[in-house]
2 protein chains.
Amino acid sequence: MGQISYRQIKEDVRSKVVRGVWALGAELPKEEDMAADYGCARATVNRALRELAEEGLLERKRKSGTRVRQAPVRQARFDIPLVRREIESLGERYTYRLLEREETQAPAWLCARMRLTRPDPVLHLRCLHVAGDTHYQVEDRWINLTTIPAAREADFTTQGPNEWLIATIPFSDVEIGFSATAADADLARDLGCALGDPLFQGERSTWLNDAPVTYVRMVFGRGYKMTTRY
Amino acid sequence: MGQISYRQIKEDVRSKVVRGVWALGAELPKEEDMAADYGCARATVNRALRELAEEGLLERKRKSGTRVRQAPVRQARFDIPLVRREIESLGERYTYRLLEREETQAPAWLCARMRLTRPDPVLHLRCLHVAGDTHYQVEDRWINLTTIPAAREADFTTQGPNEWLIATIPFSDVEIGFSATAADADLARDLGCALGDPLFQGERSTWLNDAPVTYVRMVFGRGYKMTTRY
DNA sequence: CAGTGGTCTAGACCACCCA
DNA sequence: GGGTGGTCTAGACCACTGC
């Protein structure tokens with residue numbers, strides 16, 4: 001007879017919840033008893049239950065025990081891949097183009113986004129990522145030159161700033177947000193859509209130990225949908 | 001002297017990566033050696049490294065060892081709370097209104113979304129979630145009456161279908177997606193925005209062991225942004 | 001204060017996978 | 001084939017928290 005794995009226990013518990021054996025809010029046996037039932041060590045049950053709790057299915061408290069969450073926390077995990085990889089994994093040819101490059105001082109709205117107290121010098125890049133013939137994403141990138149002076153010397157005409165940054169700078173904190181926006185004249189031109197079209201956009205600010213690194217606004221072509229399953 | 005915890009090891013490793021002690025792509029010592037360095041059991045190091053790998057910072061392979069990911073997988077986790085809780089946590093008063101209710105057969109596009117082979121009978125609800133005075137979200141809900149016949153008897157005039165479903169039906173599989181859409185006449189009226197305004201929307205399909213449960217389209221009021229940090 | 005989960009240990013065997 | 005991570009065990013002590 002083989003040992004039971006924590007994965008099997010996870011599946012078994014999940015199934016019992018889904019089948020209604022354990023209703024929402026119901027209390028599960030304590031780890032020790034479950035270990036005896038499964039004929040395994042408590043640590044094995046512990047790992048299974050701990051991971052299910054992390055996934056949001058269970059709720060655990062010392063002393064009071066383990067119960068099925070009343071309102072399962074529905075948390076979604078999205079992979080945020082490199083645009084290039086995303087496009088290549090679609091089977092399309094990836095093309096990159098630098099549209100604009102300027103050195104300037106951080107405008108007020110950017111100071112707010114990057115939590116700057118002074119208008120630091122920044123490198124502003126505007127890039128286009130193309131999938132096959134489709135204009136896939138416009139990347140509006142702002143790099144803090146006080147934190148990352150090396151960005152001044154980098155060549156962004158063949159490699160996107162995202163890839164350069166990832167390969168060069170580690171980061172410690174990230175703030176990310178998704179929303180809808182209307183295509184302005186620039187976006188309509190660069191993404192090949194109509195003025196005012198609704199577009200999906202992501203914004204991300206990155207810090208390295210409180211030092212502001214970069215802010216990026218990624219606007220996707222019409223009809224883009226960010227999906228996941230679990 | 002106290003024992004070292006797996007959390008401390010996680011922080012230490014994270015810090016070494018961020019400080020560049022271990023560069024991107026670099027190989028870490030093997031678990032056994034690290035355990036000796038930290039003066040703890042291998043299982044403790046294992047848990048720390050395993051979790052860091054799960055978070056996307058490290059990459060582990062049997063035989064070849066543990067290395068720092070070249071392109072840290074940037075995965076974002078979003079909590080998908082109940083609208084009511086989301087609004088209440090903003091300190092606003094939550095109001096709910098049922099706008100429309102009809103029993104019908106699943107149209108073709110819905111069959112595709114819910115992976116139906118036949119046009120099952122469905123309950124279609126259109127609801128409004130209000131935060132204070134602001135029209136926060138329009139919920140377009142379709143419940144499969146073959147899978148969930150009890151929905152026919154449920155009263156959705158005071159409680160939103162989302163809350164009812166969560167309290168009533170477990171689920172096993174979820175597909176979720178976010179995108180941008182333009183306000184049509186109905187949305188403009190219900191959300192109090194202009195025709196054609198760009199709106200952020202989420203869609204979610206849910207199954208219970210391959211049985212289609214529900215599909216929902218949630219369209220948020222102007223300017224909504226879904227954010228997270230890590 | 002007592003019960004339950006949280007974590008650590010020391011050791012073992014196994015599975016995978018690169019060389 | 002051998003090295004590395006993956007997992008399990010049996011036992012221990014601890015930390016939190018409801019009673």
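These numbers were taken from a predicted model, which means no experiment stands behind them. Throughout, a chain's letter reflects where its sequence line sits, starting with A, and its residues are numbered from 1.
When rounded to the nearest whole Å, the span between CD1 of A/I4 and C1' of D/dT7 equals 13 Å. Rounded to whole angstrom, the span from the CZ atom of A/R50 across to the P atom of D/dT7 amounts to 11 Å. The OH-P distance, from B/Y38 to C/dT7, rounds to 18 Å in whole Å. Put simply, CD on A/E31 is 6 Å from P on C/dG6, counting in whole angstrom units. Summarising the geometry, the separation between CD on B/E51 and C1' on C/dT7 is reported as 12 Å, rounded to the nearest angstrom. Computed from coordinates, the B/R67 CZ to D/dT4 P distance equals 12 Å when rounded to whole Å. In this entry the distance linking CD of A/E54 with C1' of C/dG6 reads 13 Å, nearest Å. As a whole-Å value, the separation of B/L49 CG from D/dG6 C1' is 12 Å.
One finds no salt bridge joining A/R93 and A/E88 here, because no Lys/Arg side-chain nitrogen approaches an Asp/Glu carboxylate oxygen to under 4.0 Å.
Projected onto DNA chain D by closest heavy-atom contact, A/R47 and B/K30 fall at different nucleotides, the more 5' of which corresponds to B/K30. Position along DNA chain D of the nearest nucleotide to B/R60 versus A/V45 favours B/R60 as the more 5'-ward residue.
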Query raised in the report: In B/S/- notation, 5' to 3', how is nucleotides 10-19 of chain D contacted by protein heavy atoms closer than 4.0 Å?
Result: --B--BBBB-
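B/E175 and B/S205 form no side-chain donor-acceptor contact under 3.5 Å, judged by distance and modelled atom types alone.
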Query raised in the report: Could you walk me through whether B/F178 and A/F178 pass the ring-ring contact (aromatic ring centres under 6.0 Å, His included) check?
Result: CA-CA 9 Å; B/F178 295 98; A/F178 295 97; 8.1 Å; no
Report task. Test A/Y96 against A/H129 for ring-ring contact (aromatic ring centres under 6.0 Å, His included), laying out the working first. Result -> CA-CA 5 Å; A/Y96 164 80; A/H129 302 275; 5.6 Å; yes
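Heavy atoms only, all atoms of each residue included: B/A180 and A/F200 are closest at CB-N, 3.6 Å. Between B/L145 and B/A151, the shortest heavy-atom contact is CD2-CB, 4.0 Å.
A heavy atom closer than 4.0 Å to some atom of DNA chain D occurs in no member of residues 5-14 of chain B.
The salt bridge (Lys or Arg N to Asp or Glu O under 4.0 Å) analysis of residues 147-156 of chain B, with sequence neighbours excluded, yields the pairs B/E103-B/R152.
The ring-ring contact (aromatic ring centres under 6.0 Å, His included) test with B/H124 singles out one residue from B/W142, B/Y215, B/F156, and that residue is B/W142.
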